[in-house]
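Okay, structure first, notes after.
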Amino acid sequence: MFSATADGAATRVAVTVTAAVVSATSRAVNGIAMRLMVNFRSGAAVRPWIPPPESAVFPLPADTKIRLEGVNVDRTTARAWLATALAEARAGLAEGGIPIGAALYGPDGTLLGRGHNRRVQDGDPSTHAETAAFRAAGRQRTYRGTTMVTTLSPCWYCSGLVRQFGISRVVVGEATTFHGGHDWLAEHGVEIVLLDDVECVALMRDFIEKHPALWNEDIGD
């Protein structure tokens with residue numbers, strides 16, 4: 001807080017600046033946040049306040065790769081994790097269910113939980129692949145830095161789960177046969193890795209062709 005004089009009137013300006021700046025490397029920049037609140041208690045003009053360099057946060061170059069908390073997930077790692085979700089999707093199909101699989105990985109790359117859509121098997125429309133993997137992971141103190149891997153773009157229901165619990169990243173096998181909420185998640189700060197996996201596409205296309213009524217039931221059409 002400081003005082004300034006303009007046109008003979010003393011003006012007090014309360015300035016609260018909270019900045020969190022973390023180290024950056026050529027591969028990653030961890031979370032950056034800045035909040036600036038300026039509260040003017042009078043209408044008098046004051047000279048603009050310029051924050052010192054150490055408290056400033058500057059825009060990053062457009063090509064800077066952001067690394068969320070936890071392991072850096074490149075496409076090779078993402079495809080390795082997708083294999084787990086794809087195995088779950090195949091298991092669901094073999095059980096007579098909808099072939100969508102998912103897996104939840106921890107910040108250190110540990111597999112926390114895996115599962116597949118069980119609408120048919122359990123008669124439970126709420127058991128989507130992502131919710132099954134989430135439940136299998138059990139209680140976690142925080143989901144910051146975790147990665148949800150799914151064979152198909154998440155529906156609004158599962159996208160809401162990701163946002164509700166603060167899951168940091170979603171690896172999507174494909175969004176060709178169904179374009180869910182992954183764009184919305186990206187707009188809200190969730191890192192999206194879209195793999196356009198041909199096997200995931202083929203699996204869903206074949207299922208939708210053979211079971212259109214069941215598919216429409218699952219997506220709410």
Side-chain angles (χ1 to χ4, degrees), residues 26-29 62-94 97-118 127-134 136-137 143-163 165-211 215 218-219:
S26 61
R27 292 178 59 83
V29 177
D63 59 350
T64 300
K65 183 174 181 180
I66 302 298
R67 179 180 184 271
L68 301 176
E69 293 188 30
V71 297
N72 187 31
V73 180
D74 56 22
R75 294 183 78 83
T76 301
T77 301
R79 288 195 176 278
W81 289 357
L82 179 63
T84 303
L86 193 51
E88 286 292 330
R90 294 194 196 99
L93 183 63
I98 300 169
I100 305 172
L104 183 65
Y105 283 86
D108 61 353
T110 299
L111 177 61
L112 301 177
R114 55 191 291 175
H116 51 269
N117 187 298
R118 298 190 61 85
T127 310
H128 287 202
E130 294 90 337
T131 60
F134 181 79
Y143 293 89
R144 189 177 298 117
T146 61
T147 301
M148 179 66 78
V149 185
T150 177
T151 56
L152 186 65
S153 177
C155 66
W156 289 112
Y157 169 50
C158 296
S159 295
L161 181 147
V162 170
R163 285 280 288 133
F165 292 96
I167 293 171
S168 297
R169 182 189 296 108
V170 178
V171 172
V172 179
E174 64 104 348
T176 301
T177 62
F178 177 75
H179 196 109
H182 66 273
D183 289 336
W184 174 76
L185 288 172
E187 291 171 1
H188 288 80
V190 178
E191 182 184 358
I192 301 296
V193 181
L194 179 57
L195 296 177
D196 292 319
D197 185 80
V198 294
E199 190 169 355
C200 289
V201 173
L203 189 65
M204 283 309 302
R205 276 183 174 160
D206 184 64
F207 176 82
I208 293 170
E209 181 180 346
K210 292 178 178 177
H211 308 281
W215 171 240
D218 192 61
I219 61 175

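Source: prediction; values computed, not measured. In what follows, residues are counted from 1 in the order of the sequence shown.
- In terms of the salt bridge (Lys or Arg N to Asp or Glu O under 4.0 Å) criterion, residue partners of Asp206 (sequence neighbours excluded) are, by chain and number, Lys210.
- In this structure, the side-chain contact (heavy atoms from CB on, under 4.5 Å) partners of Leu161, at least two apart in sequence or on a different chain, are Thr131, Phe134, Met148, Phe165, Ile167.
- Taking CD1 of Ile219 as the start and CZ of Phe178 as the end, the distance is 5.5 Å to the nearest 0.5 Å.
- One distance of note links CG of Leu112 with OH of Tyr143; it measures 8.5 Å at 0.5 Å rounding.
- Here Arg75 pairs with nothing under the side chain to side chain donor-acceptor pair (under 3.5 Å) rule; sequence neighbours left out.
- Scanning for ring pair (Phe, Tyr, Trp, His ring centres under 6.0 Å) contacts around Trp156 gives Trp184, with sequence neighbours left out.
- Here Ala78 pairs with Val73, Val171, Val193, Leu195 under the side-chain contact (heavy atoms from CB on, under 4.5 Å) rule; sequence neighbours left out.
- Between Leu104 and Ala137, the closest heavy-atom pair is CD2-CB, 3.8 Å.
- Contact check for Cys200 versus Leu152: no side-chain heavy atoms found under the 4.5 Å cut-off.
- Atoms CD1 and OG1, from Ile208 and Thr177 in turn, are 4.5 Å apart once rounded to the nearest 0.5 Å.
- Separation of atoms CG (Asp196) and CG (Leu194) is listed at 4.0 Å; rounding is to 0.5 Å.
- Judged as a side chain to side chain donor-acceptor pair (under 3.5 Å), and not counting sequence neighbours, the contacts of Arg79 are Asp197.
- In plain terms, the two heavy atoms of Ala89 and Gly101 that are nearest each other are CB-N, 3.5 Å.
- At least one side-chain heavy atom of Thr146 sits under 4.5 Å from a side-chain heavy atom of Pro107.
- Contact detail for Gly115 and Ala132: the closest heavy-atom pair is CA-CB, 4.0 Å.
- Atom OG1 of Thr150 and atom CG of Leu86 lie 10.5 Å apart (nearest 0.5 Å).
- Contact of the Glu199 side chain with the Thr151 side chain is not registered, since no non-hydrogen atoms from C-beta on lie closer than 4.5 Å.
- Scored by the side chain to side chain donor-acceptor pair (under 3.5 Å) test, Thr176 finds no partners at all (sequence neighbours excluded).
- Under the 4.5 Å side-chain criterion, counting only non-hydrogen atoms from C-beta, Tyr157 is in contact with His128.
- Residues satisfying the side chain to side chain donor-acceptor pair (under 3.5 Å) criterion with Thr84, sequence neighbours excluded, are Tyr105.
- Under a 3.5 Å cut-off, the side chain of Ser153 and the backbone N or O of His179 do not form any donor-acceptor pair.
- For Glu88, the side-chain contact (heavy atoms from CB on, under 4.5 Å) criterion is met by Arg114, His116, not counting sequence neighbours.
- Here CD1 of Ile98 is found 7.0 Å from CH2 of Trp215. Values are rounded to the nearest 0.5 Å.
- Two residues are said to be in side-chain contact when any heavy atoms from C-beta on lie closer than 4.5 Å; His182 and Pro154 meet this criterion.
- Each salt bridge (charged side-chain N to carboxylate O under 4.0 Å, His left out) pair with one or both residues in residues 173-188, not counting sequence neighbours, would appear here, but there are none.
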